[in-house]
There are 2 protein chains.
Amino acid sequence: MPAVTYKLIKQCKQSGARLGKLITPHGEIDTPVFMPVGTQASVKGISPEELNDVGAKIILGNTYHLFLRPGHELVREAGGLHKFMNWNGSILTDSGGFQVFSLSDLRKITEEGVYFSSHLDGAKLFLSPEKVMEIENALGADIMMAFDECAPYPSSYEYTKKSLERTTRWAERCLKAHANEKNQALFGIVQGGTFADLRKQSAREIVSLDFPGYAIGGLSVGEDTQIMYDMLEETVPELPADKARYLMGVGRPDNLVEGVIRGIDMFDCVLPTRIGRNGTALTSKGRVIVRDAKYAHDYTPIDPECDCPACRKHTKAYIRHLLNTNEILGARLMTIHNLYYFVNLMREIRASLEVGTFGRLAEDVLRNYPEMTKAEAD
Amino acid sequence: MPAVTYKLIKQCKQSGARLGKLITPHGEIDTPVFMPVGTQASVKGISPEELNDVGAKIILGNTYHLFLRPGHELVREAGGLHKFMNWNGSILTDSGGFQVFSLSDLRKITEEGVYFSSHLDGAKLFLSPEKVMEIENALGADIMMAFDECAPYPSSYEYTKKSLERTTRWAERCLKAHANEKNQALFGIVQGGTFADLRKQSAREIVSLDFPGYAIGGLSVGEDTQIMYDMLEETVPELPADKARYLMGVGRPDNLVEGVIRGIDMFDCVLPTRIGRNGTALTSKGRVIVRDAKYAHDYTPIDPECDCPACRKHTKAYIRHLLNTNEILGARLMTIHNLYYFVNLMREIRASLEVGTFGRLAEDVLRNYPEMTKAEAD
């Protein structure tokens, strides 16, 4: 039995949306679920208690960043990432692939692995499937991701095909190198760029390796949103119904709903924390740019219907003042509100799936969250 | 009856140390007390609940900064500073004098008041005793400070004398202009630089105006620490025993103890919050530079004997990692720890005054906190 299992509870009759449960060594997680991003062993600005208060059950840690600082050996010595950061919920670590492949000027890909330079000090480093497993085993997350190549967008058909096939070979090497199956589950990652047949090919290859869960990677990397949805529709039917499905790095509230409709169970994104720090709140009525001058004298909460600690205790006028004067508390309150909104949106999605009203909720969210421009999502 | 009164409970037989109580519209405060600084309607990095958790009963707000942003009229409209920032404890606002007089290149002092340029955008502004009372009345703090001139160090005898006499005239104008005696108490400020007779002259003039409390200003502005202590010894005996005595902008743990020995009841300083954010913790055993490489693998709390939320939940290795990676949570945890240390030190001082062991505690603190260099206090 793998360290993490998925239980499908109910599937929506009108869509592919799934209500389920992810069982991990650090607790059971109702799905669909959103995972706040804690890049450097901290979800920017907030404490583990606050994560708990907003209802987060699972967070993401970034292998690349933790490998650089404080180093995986130190985290191992500290008793693993849970203990190091004092978070008793579940953790998923990515593979570092996305970060390494984003350093396009600084890296060289070979069959063996990737040579790259640290973005911090230029130090020459190397990551391979075996090295990434060593790092992720040291970090000790409940869910580890296999080391994949996230091909840039756009990439040619030929490059994408070669890249996904290498990702499959790396996935096999990850499975062999994973040294803690008892406590950590290794998920495979489907690649294949924006080519329907390559997505199917990658999904079949990865699924044939029999992972306890599957991620869809290489999306939300610059392609049109509709292409992302199309690729999900090509990929998801290839994935087994009894395993969790994770759409990596996504996204906005509308993306979460569209992902759920297409059968996705897990999401992560820096969007709520990043745009929060930059002054944009996400609410049940759509975006609220708290930084805007029109809120200078607004003594009501960000969202009067929201129960988060920021909305229960503070006004837009005060939070706007904190943001304008670069007070840390402003970034904190915005982060707490946005994470609460995301976590609560997923809770509402689950409740609606249970009672059969998901269609109405999805319409609501899609109406309140029309496509955001790139600048608006920053 | 003034809005704020002081009750002397007990005076130490060996020193001038006083155990007392400050009664304000927002609660009773045991003295001696330390007031965390919340410059821009926020104690940097932490929430009002966390202030409460560390045991703070009264905080300081900076009139100059709040006048610039968000503006005192906005704070008045929000229902006052307590409501604006959602802090139900007591608040003291300074007069803005110290900040304005620090802008030495940008200001011009006249009998009427001070012309200066905003440090933010260069806007031409004017503060007078009447204007400062208007601002402080709008902010609505329990304790307001009179508008004084904080003469630079060093200043000539002649300049200091002229300046303190103007401060007395300004203090009279403040008393006349103060428009909310029912809910806010106006404290006078003694100046006089580093000249014993001028300190006495200033104290007598200010006391003759009969304020409900007295501050000693213009110290800890660059003079040797011993000079500050000497000036306290010249000034405090001139102050009435039945009013609170506040030493402005001080200081380090050793300064607090030396101030208490000389009969001071109230202190404020950015030191614990500022050096905390910069990586230095204050503990019962002295300073701990958490940023130091020697703590990289230290999985014990900042101070194993400390009960603060940072020490109960996190290790030096983790906090050091957060500081190194510029994670906001690092600054937060350090701030919480240092404020807890200061608030708790004052609690211990009060307890020791009650049972008569203050001398031993004072010795302990002075041994653990030898004179810090300017760089160390930054």
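The figures here come from the full heavy-atom set of this structure, side chains too, leaving out hydrogens, waters and symmetry mates.
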Check your understanding: Where the side chain of A:Tyr299 meets the backbone of B:Glu77, is there a donor-acceptor pair that is under 3.5 Å apart?
Key -> no
Review point. Hey, is the main chain of A:His321 close enough, under 3.5 Å, to the side chain of B:Arg69 for a donor-acceptor pair?
Key: no
Review point. Of the backbone (N, CA, C, O) and the side chain (C-beta and beyond), which part of A:Leu74 lies under 4.5 Å from a heavy atom of chain B, both, or neither?
Key: both
Check your understanding: Hey, are the side chains of A:Pro48 and B:His314 touching, using non-hydrogen atoms and a 4.5 Å cut-off?
Key -> yes
Study note, to complete from the structure: Of A:Lys83, A:Met85, A:Arg320, A:Glu49, the largest count of non-hydrogen pairs under 4.5 angstrom with chain B goes to A:Met85
Review point. With chain B, which of A:His65, A:Arg332, A:Glu327 has the greatest number of heavy-atom pairs at distances under 4.5 Å?
Key: A:Arg332
Check your understanding: Within a reach of under 6.0 Å around NZ of B:Lys57, are more than 12 heavy atoms found that belong to other residues, nucleotides or ligands?
Key -> no
Point to revise | Contact leader toward chain B among A:Leu120, A:Val43, A:Asn86, A:Asn324, where contacts are heavy-atom pairs under 4.5 Å | key: A:Asn86
Point to revise | For A:Ile46 against B:Leu329, the heavy-atom pair lying closest together | key: O-CD2, 3.8 Å
**Study point:** Closest non-hydrogen atom pair, A:Leu322 against B:Ser42
**Key:** CD2-CB, 3.6 Å
**Study point:** Within 6.0 Å of CZ in A:Phe98, more than 12 heavy atoms from elsewhere
**Key:** no
Revision key, fill the gap. The reported gap from OG1 in B:Thr325 to NZ in A:Lys44 (rounded to nearest 0.5 angstrom) is 7.0 Å
Review point. If only atom types and distance count, is the side chain of A:Tyr318 paired as donor or acceptor with the main-chain N or O of B:Ala78 below 3.5 Å?
Key: no
Exercise for review: Can you tell which part of B:Glu73 gets under 4.5 Å to a heavy atom of chain A, answering side chain, backbone, both or neither?
Suggested key: neither
